Amino acid sequence: MRPDTPAENVDHTAEAARLERTAGLYPEDAEALLLRAAAHLELSGDRPTASTLYDRLLSSTADLDNPHLVRALKASNLWEYGHEAEARAIIEGVRSASPQDPAPWVIVAEALESHDELEAAHETYTEAVHRLLTDVAEPPYATHPLLFGRHRVRRMLGESHDEWDALADTVHSLPITLDELHDPKRVWSLGSENPAELEAEILRLRAELGAYREALSRPFPVAILHWPATELTELLEAYPSLSTEYPTHETHLATIESALRELASSGTPNLGIVTGTVPSYEAFAASELSSPSDATLLPQYATTLAARGRAVAWPPQQGAACWCGSGQPYGQCHGITA
C-alpha cells in the first residue's frame with residue numbers, strides 16, 4: 001500500500017494477505033509485517049483472524065522483538081469482540097511485566113479507557129510514566145502518548161493538575177492547549193445550536209486531527225547500519241574490499257554513535273539504528289542485481305531495513321541496554337559523553 005493511499009480506498013483484507021505473503025519471504029521481519037497485517041484485519045472487521053495472527057506470533061519459536069506489544073494488541077482486539085475476561089487477564093500480565101517500551105503501556109491503557117475503565121486507565125498511565133520517565137530530562141517522542149493519555153483521563157476524572165500534567169503541557173506543540181482538547185464539556189458543545197460554539201469545536205477537532213496526521217506521517221527513521229561483531233567478521237571475510245568502510249569493529253561502533261550525535265545536533269529528527277546480517281545483505285544485493293562488495297549498497301540496505309520496520313530508535317531510553325549489543329546500559333556504554 002502506498003503511503004499516500006486514502007484510507008477509504010484501502011482493501012484491508014487484500015493488504016493483510018499481501019503482508020502475510022511478504023512475511024513468508026522475509027522471516028526476519030515477520031513480527032513487524034504480521035502486526036501490520038493484523039491491524040488491517042482489525043480495520044476490515046475480521047477481528048478473530050487478527051487474533052490468530054497474534055497467537056501465531058506468540059506461539060512461534062523465534063524470539064519476538066516486542067512480545068509485550070503483541071500481547072497488548074491481542075488484548076485490545078479480544079475486548080472489541082466480546083472476550084473481556086481474557087483481555088483483562090492479558091492486560092494485567094502486561095502491566096505486571098512492566099515493559100521498558102512505551103507502546104504496550106499505551107495500547108492497554110487506551111483499551112481500558114475506551115471501555116470506560118477510567119480509574120484503571122489512570123493507574124496504568126501513571127504506572128507507565130513513573131516507570132519510564134522518572135529522572136528523564138527530555139521525554140522521548142514515543143512516550144508522549146502516555147503523558148497525553150494520562151492528562152486526558154485525569155480531565156475526565158476531574159483531577160487537578162500535577163507535575164506529570166505540567167510535563168505533558170510542555171511537550172504538547174499544538175496551538176490549542178491540552179486542557180481545551182481534553183475538556184469533558186466539549187461533547188456537549190457538539191449538540192449546541194450556537195454557531196460560535198460549533199466553530200470553536202471544529203477548530204479543536206482540526207487540531208486533534210492534525211496531531212494524529214503528524215504522528216502517522218512521520219517518515220521512516222534516518223537509519224544507520226550496524227553490524228554485530230560476528231556478522232562484520234563474516235562480511236569482511238567474504239568481501240574484503242569493504243574493509244575500507246569498516247577498518248575495525250570498534251571503529252564501526254564509534255562511527256555510528258558519532259554520526260547519530262552529529263545528525264541530532266543538526267536537528268534531524270526520528271533517528272534510528274538497523275542491524276544487518278550477511279545473508280540478508282546478500283539477498284538485498286541480489287535483488288538489486290549488484291555485488292555485495294559494492295559499498296554504495298550499504299546505505300540503501302539500511303534504508304530498506306528501516307522501511308521494513310527493523311529500525312530501533314536512537315538514543316535508547318534511560319536505563320535501556322546499549323544499541324551495540326554489549327549488554328551494558330546505554331548511559332554506561334556508548335552513551336557516555338566526552
Side-chain angles (χ1 to χ4, degrees), residues 1-5 15 18-37 39-40 65-66 69 101 103 140-142 213-232 234-236 238-239 241-247 249 251-316 322-325 334:
M1 180 179 67
R2 287 171 51 90
D4 56 353
T5 303
E15 187 65 15
R18 184 189 68 80
L19 288 165
E20 283 196 70
R21 291 194 298 272
T22 306
L25 296 173
Y26 301 101
E28 70 276 16
D29 295 336
E31 182 177 349
L33 293 167
L34 290 178
L35 286 180
R36 288 167 59 190
H40 279 286
D65 292 333
N66 198 337
L69 176 60
D101 179 23
Y141 183 88
R213 282 178 172 168
E214 180 183 356
L216 291 171
S217 64
R218 298 188 87 211
F220 291 123
V222 177
I224 304 294
L225 181 60
H226 163 234
W227 295 98
T230 55
E231 294 290 339
L232 185 60
E234 182 180 345
L235 179 74
L236 296 181
Y239 311 103
S241 62
L242 293 179
S243 59
T244 55
E245 297 288 326
Y246 308 114
H249 189 249
T251 302
H252 169 52
L253 299 181
T255 300
I256 291 173
E257 182 69 25
S258 62
L260 288 166
R261 293 191 184 200
E262 184 176 347
L263 288 167
S265 64
S266 68
T268 304
N270 205 18
L271 300 173
I273 295 175
V274 290
T275 299
T277 65
V278 174
S280 170
Y281 178 57
E282 290 174 334
F284 172 75
S287 70
E288 294 292 314
L289 302 179
S290 185
S291 168
S293 60
D294 182 358
T296 62
L297 285 179
L298 296 169
Q300 298 176 45
Y301 174 53
T303 300
T304 300
L305 290 178
R308 281 158 49 188
R310 304 303 295 175
V312 175
W314 180 94
C322 188
W323 54 264
C324 71
H334 284 88

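These figures come from a predicted structure and were not determined experimentally. For this chain, numbers begin at 1 and follow the sequence in order.
Put simply, the side chain of Ser258 gets close to the backbone of Ala254: a donor and an acceptor are under 3.5 Å apart. Panel note: side chain His249, backbone Ala229; a donor-acceptor pair is recorded below 3.5 Å.
Between Ala223 and Val274 the shortest heavy-atom distance is CB-CG1, 3.9 Å. Nearest heavy atom pair, residue Asn66 against residue Glu31, reads N-OE2, 2.9 Å. In this structure, His252 and Trp227 approach most closely via the heavy-atom pair NE2-N, 2.9 Å. Between Thr275 and Leu305, the shortest heavy-atom contact is O-CD1, 3.8 Å. Residue Ala37 comes nearest to Leu19 through the heavy atom pair N-CD1, 3.6 Å, listed as atom of the first residue, atom of the second, then distance. Closest of all the heavy-atom pairs between Glu245 and Leu298 is CG-CD1, 4.1 Å.
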Would Tyr239 and Glu234 count as a side-chain hydrogen bond (donor to acceptor under 3.5 Å, both in side chains) if you check the C-alpha gap in whole Å, the side-chain angles of each, and the deciding distance to 0.1 Å? CA-CA 9 Å; Tyr239 311 103; Glu234 182 180 345; over 6 Å; no
Let's go through Val222 and Leu260 carefully: what are the C-alpha distance in whole Å and the side-chain angles of both, what is the deciding distance for side-chain contact (heavy atoms from CB on, under 4.5 Å) to 0.1 Å, and is it a yes or a no? CA-CA 9 Å; Val222 177; Leu260 288 166; over 6 Å; no
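Taken to the nearest 0.5 Å, the OG1 atom of Thr251 stands 11.0 Å off from the CD1 atom of Ile256. The CG atom of Leu235 lies 8.5 Å from the CD atom of Glu231; values are rounded to the nearest 0.5 Å. Rounding to the nearest 0.5 angstrom, the gap separating the CG atom in Leu236 from the OH atom in Tyr246 is 8.5 Å. Atom CZ of residue Arg310 and atom OG1 of residue Thr304 lie 13.0 Å apart, to the nearest 0.5 angstrom. Within the model, atoms CG of Asp29 and OG of Ser280 stand 7.0 Å from one another, a figure rounded to the nearest 0.5 Å. Rounding to the nearest 0.5 Å gives a distance of 5.5 Å between CD1 of Ile224 and CG of Leu263.
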List the atom pairs, donor and acceptor, that lie under 3.5 Å between side-chain atoms in residues 20-27 and the rest of the protein, sequence neighbours left out.
| from | atom 1 | to | atom 2 | distance (Å) |
| --- | --- | --- | --- | --- |
| Glu20 | OE1 | Arg56 | NH1 | 3.2 |
| Thr22 | OG1 | Arg18 | O | 2.9 |

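Using the six-membered ring where Trp is involved, His334 and Trp323 have ring planes that are tilted, between 30° and 60° apart. Using a 30° and 60° split on the angle between ring planes, Phe284 and Tyr301 fall in the tilted class, from 30° to 60°.
Looking only at side-chain heavy atoms (C-beta outward), Leu253 and His226 come within less than 4.5 Å of each other.
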